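Below, chains carry the letters A, B, ... as their sequence lines are ordered, and counting in each starts from 1. Remember, it's a predicted structure, so these values are computed and weren't measured experimentally. Values below: every heavy atom of this structure, side chains too, minus hydrogens, waters and symmetry copies.
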Amino acid sequence: MSNQPSVRVRFAPSPTGPLHMGGVRTALFNYLFARKNGGTFILRIEDTDQTRYVKGAEDYIIESLKWCGLEFDEGPVQGGNYGPYRQSERKAQYREYADLLMEKGHAYIAFDTAEELDQARKEAEADGKTFSYDEHSRMSMKNSLSMPKEEVDKLLLENAPHVIRFKMPEQAEVVEDEDMIRGRVSFRTSDLDDKVLFKADGMPTYHLANVVDDHLMEVTHVIRGEEWLPSMPLHVLLYRAFGWDKPIFAHLPLILKPQGKGKLSKRDGDKLGFPVFPLKWTDPETQEVAAGYREDGYFPEAFINMLALLGWNPGTEQELFTKDELVNAFSFDRVNKSGARFDPEKAKWFNHQYLIQKTDEELAGLFGPVLVEKGVVPPPVDHLAKIVALVKERVSFVHELWEQSSFFFVAPDAYDAKVVKKRWKGEIPAFMDKLAVFFKNDNGLWSAAVLKEEVSKLIEENEMNFGGVMNALRLALVGGSFGPDLFTIVEMLGQDEVVTRINKAVSELG
RNA sequence: GGUCCCUUCGUCUAGUGGUUAGGACGCCAGGUUUUCAUCCUGGAAACAGGAGUUCGAUUCUCCUAGGGACUGCCA
């Protein structure tokens, strides 16, 4: 019999805005670890900061993860045996735990106002120092440790605003913990300060809420971003102060900007033209719109695949993974310690890979709505699939299919000037006229192979240059020098359309 | 400033004392393609620096440098 508790992990975002792709990756690694170990994946909304609450953010988070295919086992939507799953709805219990800590002598009440603390910080800064609310300063601050009990009671009776702070142990020691990614990490308690656990507004801070909830929800592994590493010792100390078993921690490396310094931010996306968020987001205050991977045409599987390889690798040369393959291959042993610079180009490459893996019929189905948007009535799926097959290798997104194949649906309304200059000259216009007549009178089999043979012969008889004619014909049919095999285009366009387009080019280009 | 974390091609990374330091994206060249793209082949491109340990360090230790995170009654 194994007495290993089954794995329970949580993704705990704060609904202060759209979910960043770094957040999606954190959720993904939690998900992969849970699924790999037959564990439970929990969503917990960390909305303890009322001032930063953003309307719609929670729905956005849930929809984003759903789009990514990361299903939760427990959360605010589906419930579970450890609810509620929103910290605001768990509010009642936190004070009780803060009080428990005070009873045990691990926490105390502090009356210093935010302004006073600001002042203290400014003064220290002017001195070239940093203010720290710790064992050296706490006796000169306003709190239940420094003030007589009667005065504290009096203030409490008057409902004076106060917070509850953690009391860092005075006995200096080294707090060590084994991180799943980083190995042994250690801190000296003498470097740590008395963090606020419970705020004057009656809500806990992240530190308290997170420890209490993870304990109550029986979370076994805390997998979060590296930005939390510095508060790990506080959390370890909190578990110890409560007398609880602590979970195992894993601090993920950050996702960095494609260029320049620092972690990836919304601004980088705007500047370099790629999404930073999974879904499009409209700020409810400013109406400002931020691009999303979904709306930009990325496949969720490609997005997830790309994200998984940012900081993790399988140790093999495989780069394309289905979600199940990721679950199977995933391990924290193979998660890197250092931050990973995000490469938008590689993200596109991943999407291209997923796109060409799809069947022509699937892509035709996805392409249909794009055509409708362009004002084109989509042809039957089998015909559309044929067109898609000709051009899919050259695009990364479904919407790019249009740029590569629009001439199959509408005649070119303009001719690429550079190509005109280079290809439409000399004997060409006269010969194109002949070619139109030839096509018009053609009674043979209208197929690429046959047409190619016939046209080749015609070119030879007229002592024209094959390449030159082909390029001019291409110009007439598609408007530029791009597209798949020319005779395939001729075949698919059909006799009448080909003749019409050549005549139109001759009359417009002279 | 303080604390902690990190450091292999431009980027993502493989590598756990002895390798021509491998792959992928991107880039360049050649070939194929009547065009463009695809595709194929090839190429340029990295162990931050310095001390140790060792017969031998990309791999282990230390120092330096660089980068990053945190340093809020935000998470």
Tell me the partner of rC25(B), counting only Watson-Crick (N1-N3 plus N6-O4 or O6-N4) or G-U wobble (N1-O2 and O6-N3) with both under 3.5 Å; none if nothing fits. rG10(B)
What's the CG-P distance between Asp193(A) and rG2(B), to the nearest Å? 17 Å
Assess whether side-chain hydrogen bond (donor to acceptor under 3.5 Å, both in side chains) is satisfied between Tyr85(A) and Asp213(A), documenting all intermediate values. CA-CA 9 Å; Tyr85(A) 292 91; Asp213(A) 288 345; over 6 Å; no
Using atom CG of Leu310(A) as one end and atom P of rC12(B) as the other, report the distance to the nearest whole Å. 8 Å
Write down the distance separating the C1' atoms in rU58(B) and rU41(B), rounded off to the nearest Å. 30 Å
Asp343(A), nearest nucleotide to its side chain (from rA75(B), rG10(B), rU3(B)): rG10(B)
Give Pro161(A) one of three labels, base, sugar-phosphate or nothing, depending on what nucleic acid heavy atoms sit under 4.0 Å from its own. nothing
Mind checking the C1' distance from rC60(B) to rU3(B)? Whole angstroms is fine. 26 Å
Interatomic distance, Phe466(A) CZ vs rU35(B) P [rounded to whole Å]: 10 Å
To the nearest Å, how far apart are Glu227(A) CD and rA69(B) P? 10 Å
Which part of the nucleic acid, if any, lies within contact of Gly128(A), taking any heavy atom under 4.0 Å across all strands shown: a base, the sugar-phosphate backbone alone, or nothing? nothing
Decide yes or no, distance alone: a donor-acceptor N/O pair under 3.5 angstrom between the base of rG1(B) and the side-chain of Thr130(A). yes
Take atom P in rC27(B) and the same atom in rC63(B), then report the distance between them in whole Å. 42 Å
Where the side chain of Glu226(A) is defined as all heavy atoms beyond and including C-beta, which of rG68(B), rU3(B), rU38(B) is the nearest nucleotide? rG68(B)
Counting the atoms with a prime plus P, OP1 and OP2 as sugar-phosphate, which does Gly480(A) contact under 4.0 Å by heavy atoms, base, sugar-phosphate, or nothing? nothing
Comparing Arg474(A) with Phe198(A), nearest RNA chain B nucleotide closer to 5' gives the residue Arg474(A)
Nearest-angstrom distance, P atom, rA48(B) to rC25(B): 24 Å
Would you mind classifying the nucleic acid contact of Leu197(A) as base, sugar-phosphate or nothing, using non-hydrogen atoms under 4.0 angstrom? nothing
Would you kindly check if the NZ (Lys) or CZ (Arg) of Arg224(A) is within the cone defined by 45 degrees around the ring axis of Phe249(A) and under 6.0 Å from the six-membered ring centre? no
For Gly311(A), which contact category applies under a 4.0 Å heavy-atom criterion: base, sugar-phosphate, or nothing? sugar-phosphate
Determine the Euclidean distance between corresponding P atoms of rC47(B) and rC55(B); express it in Å to zero decimal places. 27 Å
Are Arg25(A) and Phe29(A) in a cation-pi setup, meaning NZ or CZ lies under 6.0 angstrom from the ring centre and within 45 degrees of the ring axis? yes
Answer yes or no: are there more than 12 heavy-atom neighbours, outside Lys434(A) itself, under 6.0 Å from its atom NZ? no
Please confirm whether Phe397(A) and Tyr298(A) have ring centers closer than 6.0 angstrom. yes
Nearest to the side chain of Val185(A), which nucleotide is it out of rA24(B), rC4(B), rA75(B)? rC4(B)
I'd like the P distance from rG52(B) over to rA69(B), given in whole Å. 35 Å
Residue matched to rU3(B) through Watson-Crick or wobble contacts both under 3.5 angstrom: rA69(B)
Contact under 4.0 Å: Arg52(A) side-chain N or O vs rA75(B) OP1/OP2: no
What is the distance, to the nearest angstrom, from the CG atom on Asp485(A) to the C1' atom on rC39(B)? 15 Å
So what does Thr51(A) hit on the nucleic acid, given a heavy-atom distance under 4.0 Å: a base, only sugar-phosphate, or nothing? nothing
By the 4.0 Å heavy-atom rule, please label Ser14(A) as base, sugar-phosphate, or nothing. sugar-phosphate
Round to the nearest Å and state the distance from Phe482(A) atom CZ to rA37(B) atom C1'. 11 Å
CG of Leu458(A) versus P of rU34(B): gap in Å, rounded? 18 Å
Does CD belonging to Glu463(A) count more than 12 external heavy atoms closer than 6.0 Å? no
Is there a side-chain polar atom (N or O) of Asn313(A) under 4.0 Å from OP1 or OP2 of rA14(B)? yes
Indicate whether OP1 or OP2 belonging to rA75(B) is found under 4.0 Å from a side-chain N or O atom of Lys199(A). yes
What is the distance from CG of Asp201(A) to P of rC74(B), rounded to the nearest Å? 7 Å
Side-chain N or O of Arg341(A) closer than 4.0 Å to phosphate OP1/OP2 of rG10(B): no
Measure from the side-chain heavy atoms of Arg423(A) and tell me the nearest of rU35(B), rA14(B), rC73(B). rU35(B)
Side chain of Arg188(A) - closest among rG1(B), rU34(B), rC4(B): rC4(B)
Val196(A) near the nucleic acid: base, sugar-phosphate alone, or nothing, with a heavy-atom cut-off under 4.0 Å? sugar-phosphate
Salt bridge check: are Asp99(A) and Arg95(A) linked by an N-O gap of less than 4.0 Å? yes
Check every atom of rG67(B), rA24(B), rG10(B) against the side chain of Trp349(A) and return the nucleotide holding the closest atom. rA24(B)
Closest nucleotide among rG23(B), rA75(B), rC4(B) to the Glu317(A) side chain: rG23(B)
Here's a test of your reading of the structure: between Pro13(A) and Ser338(A), which maps to the more 5' nucleotide of RNA chain B? Ser338(A)
Salt bridge or not for Lys346(A) and Asp343(A), using N-O below 4.0 Å? no
Which part of the nucleic acid does Asp112(A) contact within heavy-atom distance under 4.0 Å: base, sugar-phosphate only, or nothing? base
Electrostatic pair Lys386(A):Glu491(A) at N-O distance under 4.0 angstrom: no
For Lys261(A), which contact category applies under a 4.0 Å heavy-atom criterion: base, sugar-phosphate, or nothing? sugar-phosphate
What about Lys263(A): does its side chain form a donor-acceptor pair under 3.5 Å with the base of rA69(B)? no
Just checking Arg224(A): base, sugar-phosphate only, or nothing, at a heavy-atom cut-off of under 4.0 Å? nothing
Which value, in whole Å, describes the distance between the C1' atoms of nucleotides rG15(B) and rC36(B)? 40 Å
Per Lys346(A) side chain, nearest of listed nucleotides rA24(B), rU13(B), rU35(B): rA24(B)
Pair Lys263(A) + Glu226(A): basic N to acidic O under 4.0 Å: no
Looking at every strand, decide which applies to Phe187(A) at a 4.0 Å heavy-atom threshold: base, sugar-phosphate, or nothing. sugar-phosphate
Which nucleotide in rA14(B), rA75(B), rC6(B) has an atom nearest any side-chain atom of Arg182(A): rC6(B)
Tell me whether the OP1 or OP2 atom of rA75(B) has a side-chain N or O from Thr48(A) closer than 4.0 Å. yes
Considering only rC73(B), rG26(B), rC4(B), which nucleotide approaches the side chain of Ala200(A) most closely? rC73(B)
Return the nucleotide paired to rC62(B): Watson-Crick means purine N1 to pyrimidine N3 with N6-O4 or O6-N4, wobble means G-U with N1-O2 and O6-N3, both under 3.5 Å. rG50(B)
Say you pick atom P in rG43(B) and the same atom in rC62(B); how far apart are they, in whole Å? 40 Å
